[in-house]
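Worksheet: the structure to be examined is printed underneath.
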Amino acid sequence: MKQPLGVILAGGQAMRMGGGDKGLLRLGGQTLLDHVIERLEPQVAEVALNANGDPARFSSLRLPVLADSIAGFVGPLAGVLAGLDWAAAQGGDTIVTAAADTPFFPCDLVPQLLLRSEGMAHPLVLAATPDAKRGTARHPTFGLWPVALRDDLRTALNGGLRKVVLWTEQHGGREALFPQEQAFFNVNTPEDLAQAEAML
């Protein structure tokens with residue numbers, strides 16, 4: 001299998017932060033996006049950013065900016081689809097997604113997702129962590145996605161599907177378990193940003 005392409009999902013509206021781009025918030029002298037790019041770039045063949053609106057605000061990152069092809073902020077699956085369409089144009093087989101507001105995700109994210117996908121005709125794996133109540137908690141913005149299923153995903157989104165896990169389960173998606181519960185700590189509120197500063 002070719003090395004996956006990386007897609008950072010930054011298409012959300014950041015309502016709990018008062019709107020705007022969470023990825024451009026500062027953490028330890030860098031933006032959240034800088035932290036995410038630093039972790040993802042060594043693990044993938046190339047990186048793109050999924051974001052809507054004027055792409056010029058991300059020009060300093062020097063990354064391709066991919067807008068959702070399905071209008072109306074329908075959630076992370078629209079960003080996954082935008083990434084799959086971009087990867088198809090690059091001749092890629094798979095993408096790995098990471099969220100723009102999750103600065104401490106594992107440095108072995110991609111190898112572990114690939115390991116878990118062995119033997120799958122269409123590699124489709126979500127990251128998961130231990131959860132005291134549910135056993136495991138899936139992190140649907142962190143996953144390995146096959147370009148071969150992009151038209152199926154497009155049809156599902158146009159048909160009203162919004163939940164990531166519903167779609168992955170339809171296609172026999174697996175989970176890659178990461179042992180640290182805080183591995184996918186994400187910044188949703190000003191309090192989370194303060195906690196991230198402390199963690200840094």
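Because only heavy atoms are used, hydrogens play no part in the values below, and waters and symmetry mates are left out as well, while side chains stay in. Model, not experiment: these values are computed from the prediction. The residues of the chain are indexed from 1 along the displayed sequence.
Annotation: salt bridge (Lys or Arg N to Asp or Glu O under 4.0 Å) contacts involving residues 161-186, sequence neighbours excluded, comprise R138-E169, R138-E175. Listed by first and then second residue, the salt bridge (Lys or Arg N to Asp or Glu O under 4.0 Å) pairs that reach into residues 95-107 are K22-D101, sequence neighbours excluded. Contacts classified as ring-ring contact (aromatic ring centres under 6.0 Å, His included) and involving residues 144-178 (residues at least two apart or in different chains) are given here: W167-H171, F178-F184. The ring-ring contact (aromatic ring centres under 6.0 Å, His included) analysis of residues 90-123, with sequence neighbours excluded, yields the pairs F105-F142. Residue pairs satisfying the salt bridge (Lys or Arg N to Asp or Glu O under 4.0 Å) criterion with at least one member in residues 35-58, sequence neighbours excluded, are listed as follows: D21-R57. The salt bridge (Lys or Arg N to Asp or Glu O under 4.0 Å) analysis of residues 66-80, with sequence neighbours excluded, yields no pairs.
When side chains are defined from C-beta on, L77 counts as touching L157, because their heavy atoms get closer than 4.5 Å. Between P190 and L193, every side-chain heavy-atom pair lies at or beyond the 4.5 Å cut-off. L126 places a side-chain heavy atom less than 4.5 Å from the side chain of V164. Side-chain atoms of Q43 and P111, non-hydrogen and from C-beta on, do get closer than 4.5 Å to each other. Between P130 and L177, the closest side-chain pair of non-hydrogen atoms falls below 4.5 Å. Looking at N50 and I8, their side chains never come closer than 4.5 Å, going by heavy atoms from C-beta outward. By the 4.5 Å heavy-atom criterion applied to side chains, V80 and V7 are not counted as neighbours. Using a 4.5 Å heavy-atom threshold, the side chains of N158 and I70 count as touching.
When atom types are taken as modelled, the side chain of T97 and the backbone of T141 share a donor-acceptor pair closer than 3.5 angstrom. Using a distance-only test at 3.5 Å, with no hydrogens or angles considered, a donor-acceptor pair links the side chain of D192 to the main chain of T189.
A side-chain donor from one of T31 and D34 sits under 3.5 Å from a side-chain acceptor of the other.
For P55, the side chain to side chain contact (heavy atoms under 4.5 Å, CB included) partners are V65, not counting sequence neighbours. Residues passing the side chain to side chain contact (heavy atoms under 4.5 Å, CB included) test with Q182 are F185, Q195, M199, sequence neighbours excluded. Under the rule for a side chain to side chain donor-acceptor pair (under 3.5 Å), T168 has no partner lying at least two apart in sequence or in another chain. Scored by the side chain to side chain donor-acceptor pair (under 3.5 Å) test, Q180 finds no partners at all (sequence neighbours excluded). For R134, the salt bridge (Lys or Arg N to Asp or Glu O under 4.0 Å) criterion is met by D131, not counting sequence neighbours.
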Can you give the donor-acceptor pairs under 3.5 Å from side chains of residues 81-90 to other protein atoms, not counting sequence neighbours?
residue, atom, partner, partner atom, Å
D85, OD1, R150, NH1, 2.8
D85, OD1, R154, NH2, 2.9
D85, OD2, R154, NH1, 2.9

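Between atom CG of residue L25 and atom CG of residue L33 there is a gap of 9.5 Å, rounded to the nearest 0.5 Å.
Annotation for A196 and L27: closest pair C-CD1, 3.7 Å, computed over non-hydrogen atoms. Between V125 and S117, the shortest heavy-atom contact is CG2-CB, 3.7 Å.
One hydrophobic cluster, built from ILVMFWY side chains closer than 4.5 Å, cannot hold both L115 and V44; they sit in different ones.
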